[in-house]
Amino acid sequence: MMGSKKRSLKTVSILLIALVLVLSACSKSTPATDTATTSQTSQAAKDTGAFPKKVTNTSAAIQGGTMTYGLVSDTPFEGILNPIFYQGNPDYEVIQFFYSPLFNLDANFNIKDGGAATLSFSSDNKTATVKIDDKLNWTDGNPVTAEDYAFAFEVIGSPDYDGVRYDSSFTNIVGMADYHAKKSKTISGIKIVNDKEVQITFINPDPSVKAGLWAYPLEKKVFGSIPVAKMSSSDPVRKNPIGYGPFKIQSMVTGESVQFVANKDYFHGAPKLDGINLKVVNPNVVVESLRSGAVDMLDFPTSYYDEKTLPKNIEMLGRQDLAYSYVGFKLGKWDKSKGENVMNPDAKMANKALRQAMGYAMNNAQVAAQLYHGLRTAASTLIIPAFSEYHDASIQGYTYDPEKAKQLLDQAGYVDKDGDGFREDPKGNKLVINFASMSGDSVAEPLAQFYIQNWKDIGLNVQLLDGRLQEFNSFYDRIGNDDPSIDIYQAAWGTGTDVNPAGLYGRTAQFDYSRYTSDENDKLLKEGVSEKAFDDSYRKDVYNQWQQLMVNDAPVIPTLYRYQLTAVNKRIKNLDITYGSGYDGDGWADIELTADKPVTQ
């Protein structure tokens with residue numbers, strides 16, 4: 001949303017939850033940078049092994065203790081604390097401690113045994129069976145049941161659902177379309193076998209289910225009496241959320257802080273910590289907050305990374321992030337009655353050559369190397385390198401080439417007819433492009449201005465929307481509601497753990513904020529989850545074609561791939577952020593402390 005934003009994105013064991021990430025930003029013109037530090041860190045970014053993924057602390061652990069976690073954000077978290085309803089990454093960073101996904105994932109992001117539920121398939125791959133651990137209970141003491149899991153699908157599939165999860169991964173379930181259209185009161189493809197077992201039958205076999213099956217139940221005893229349309233604003237979401245994870249909420253100041261205590265009845269055993277205190281930390285004070293011990297752990301903004309000034313009382317862990325930044329072009333609107341995206345052929349950004357030219361004008365390599373110290377890299381396609389089997393490294397994407405950008409504009413009829421230095425549109429009308437970009441850390445505005453200057457250099461008059469950056473929540477409200485004053489926008493996505501991009505770019509995907517659609521896009525996204533796509537080589541070929549299609553059509557242009565840095569106080573023990581280690585599921589239960597108070601510098 002993200003906008004990680006990252007996020008710092010914690011991996012979610014579902015595909016199309018597609019976490020919105022907070023976009024952090026960079027500098028207007030060529031910024032001053034220490035050459036040696038940049039060179040060393042750029043090399044480190046290319047070799048992710050240069051950042052350890054496990055803490056090295058082997059000291060004896062104390063009994064219990066409380067850790068302080070910093071949620072890095074320049075705005076309060078919204079407080080939509082339920083996986084079915086939240087959209088912004090700041091809310092997810094709260095959710096992760098008390099509402100874990102049901103499934104564990106391996107290093108390739110496929111569901112494996114050992115989680116709160118197991119997954120198996122019929123011989124024809126059309127029916128998935130989910131078995132919930134007998135010991136898994138909600139923090140109010142009620143068991144997590146098969147009925148709770150089925151209820152989550154009913155809520156997301158309801159026509160009254162006001163969230164963004166309903167997409168092709170749900171419409172592929174037998175009977176879901178009839179249920180969504182109110183032609184049926186039940187979803188015929190979801191069968192409750194017993195108190196802890198559910199069977200889900202799909203219209204077509206879908207290889208994405210191996211990594212992206214919906215992973216969160218919803219307690220029916222709590223939500224069953226609440227109308228679906230009112231659930232997202234209800235007390236169990238906003239004021240007293242209940243989960244089943246290793247910790248539970250003891251108290252909360254919405255938007256500012258949360259106190260968690262250990263869930264002693266956690267199905268994998270009581271956590272080693274007594275509790276976790278979460279508090280919002282402004283990006284401008286992350287280094288001092290770590291140095292002073294005000295926080296034990298946080299996702300470190302890469303724009304602040306400097307080896308020379310890092311506190312000595314922390315360890316820095318790193319891994320390739322399941323996220324990317326991008327610039328999107330508004331091409332239409334969401335048609336709620338149809339439940340799909342509809343393009344507007346008269347949209348200001350409808351001309352493909354204009355979009356392509358703006359892509360070639362952006363100097364993302366400079367941004368990555370100089371402003372993110374090599375901890376972000378220029379992006380080329382919409383399938384990230386972390387999906388190594390499917391990322392097509394042969395596609396160069398939009399490398400910096402302002403002369404090519406100018407040529408594209410000239411050929412498309414975008415020329416400066418009145419001599420003011422800015423190009424008019426092909427009809428001779430003034431062309432002013434309104435650019436929406438989020439607030440974030442201290443370099444958010446300079447980055448937006450840097451891109452504006454890039455576009456000015458090729459003769460395009462791009463103006464910051466309302467003359468200012470947009471606050472995180474209002475930014476996504478305006479983007480999601482297709483505010484007509486927005487022509488282009490800068491944002492970021494967390495991909496989730498399944499390579500399937502349909503939840504972000506499908507015809508029925510509400511997250512497709514550009515509102516781009518095409519028959520070829522429909523065809524390729526459908527083939528990517530077809531029965532043939534159980535053959536990895538076939539699926540790879542399909543997604544290679546899709547990556548090239550999106551470069552050609554340019555409804556959005558990826559700008560930066562990311563590395564996720566996690567700063568950890570040296571009193572923390574048993575933390576491993578390796579994908580597949582459990583950190584993104586119930587790994588919080590394993591963390592220990594080796595001192596009563598944080599180590600300070």
Side-chain angles (χ1 to χ4, degrees), residues 23-33 38 301-304 324-330 348-349 351 353-380 397-410 412 414-425 430-470 475 479 485-492 554 556-562:
L23 179 68
S24 34
C26 75
S27 173
K28 175 180 180 181
S29 51
T30 305
T33 280
T38 298
T302 52
S303 58
Y304 286 82
Y324 60 90
S325 305
Y326 72 100
V327 166
F329 304 93
K330 274 297 188 180
K348 189 183 295 185
M349 308 309 298
N351 191 306
L354 174 60
R355 303 194 299 270
Q356 292 173 336
M358 295 185 76
Y360 283 117
M362 290 186 289
N363 195 343
N364 295 314
Q366 178 183 332
V367 169
Q370 294 186 321
L371 298 167
Y372 291 102
H373 314 293
L375 296 169
R376 295 189 183 184
T377 55
S380 53
Y398 287 90
T399 55
Y400 181 57
D401 192 342
E403 293 308 312
K404 186 170 185 177
K406 292 175 185 178
Q407 184 181 30
L408 283 167
L409 292 172
D410 289 342
Y414 291 89
V415 295
D416 179 10
K417 295 183 178 180
D418 59 10
D420 67 349
F422 292 114
R423 298 171 185 265
E424 278 71 47
D425 70 20
K430 288 282 187 183
L431 178 64
V432 177
I433 299 170
N434 295 311
F435 176 38
S437 191
M438 281 182 286
S439 62
D441 59 22
S442 63
V443 294
E445 182 153 3
L447 176 60
Q449 296 297 339
F450 178 85
Y451 284 138
I452 287 173
Q453 182 63 49
N454 281 169
W455 293 320
K456 182 179 180 181
D457 290 343
I458 62 169
L460 293 177
N461 186 1
V462 180
Q463 301 290 328
L464 202 60
L465 180 70
D466 301 333
R468 58 178 174 81
L469 298 180
Q470 305 294 308
F475 172 88
I479 294 293
S485 62
I486 298 173
D487 300 314
I488 65 174
Y489 60 95
Q490 179 180 213
V556 307
I557 293 175
T559 55
L560 299 169
Y561 299 136
R562 300 162 170 232

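One is the number of the first residue; the rest follow in order along the sequence.
When all heavy atoms of Pro558 and Asn364 are compared, the closest pair comes out as O-ND2, 4.3 Å. A pairwise comparison of heavy atoms in Thr377 and Ala368 identifies CA-CB, 3.7 Å as the closest pair. The nearest pair of heavy atoms linking Gly397 to Tyr360 is O-CE2, 4.3 Å. Considering all non-hydrogen atoms of both residues, Ala357 and Ile458 come closest at O-CD1, 3.8 Å. When all heavy atoms are compared, the tightest approach of Phe450 to Asn363 is CE2-O, 3.8 Å. Closest of all the heavy-atom pairs between Met349 and Arg355 is O-NH1, 2.8 Å.
Every residue was checked against the ring-ring contact (aromatic ring centres under 6.0 Å, His included) condition with Phe329, not counting sequence neighbours, and none meets it. Every residue two or more places apart in sequence or in another chain that forms a side-chain hydrogen bond (donor to acceptor under 3.5 Å, both in side chains) with Tyr304 is listed here: Asn284, Ser442. With sequence neighbours excluded, the residues that form a side-chain hydrogen bond (donor to acceptor under 3.5 Å, both in side chains) with Gln463 are Asn461. Taking Phe435 as the reference, Ser437, Ala448, Ile452, Trp455, Val462, Leu464, Ile488, Gln490 meet the side-chain contact (heavy atoms from CB on, under 4.5 Å) condition, with sequence neighbours excluded. When the ring-ring contact (aromatic ring centres under 6.0 Å, His included) test is applied to Tyr561, the partners found at least two apart in sequence or on another chain are His391. Under the rule for a side-chain hydrogen bond (donor to acceptor under 3.5 Å, both in side chains), Asn454 has no partner lying at least two apart in sequence or in another chain.
Within a 6.0 Å radius of NZ in Lys404, no more than 12 heavy atoms belonging to other residues, nucleotides or ligands are found.
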* Take Asp425 and Asn351, measure what side chain to side chain contact (heavy atoms under 4.5 Å, CB included) needs, and give me the verdict at the end. => CA-CA 10 Å; Asp425 70 20; Asn351 191 306; over 6 Å; no
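Asn434 places a side-chain N or O within 3.5 Å of a backbone atom of Ser485 that can act as its donor or acceptor partner. When atom types are taken as modelled, the side chain of Lys348 and the backbone of Val432 share a donor-acceptor pair closer than 3.5 angstrom. Within the 3.5 Å criterion, the main-chain N or O of Phe422 finds a donor-acceptor partner in the side chain of Asp420. In terms of modelled atom types and a separation under 3.5 Å, the side chain of Thr559 and the main chain of Ser325 share a donor-acceptor contact.
Within the 4.5 Å cutoff, side-chain heavy atoms of Leu447 are placed close to those of Tyr372.
With salt bridges taken as basic N to acidic carboxylate O contacts below 4.0 Å, none links Asp457 and Lys406.
For the side-chain contact (heavy atoms from CB on, under 4.5 Å) with Glu424, the lone residue among Asp418, Val415, Leu431 that qualifies is Asp418.
Distance check, rounded to the nearest 0.5 Å: CD1 of Ile557 to CE of Met358 gives 8.0 Å. Note that CG of Leu408 is 11.5 Å distant from OH of Tyr414, once rounded to the nearest 0.5 Å. Here the straight-line distance linking atom CD1 of Ile486 with atom NZ of Lys330 works out to 7.0 Å at 0.5 Å rounding.
You'll find the ring centres of Tyr326 and Tyr489 inside the 6.0 Å limit.
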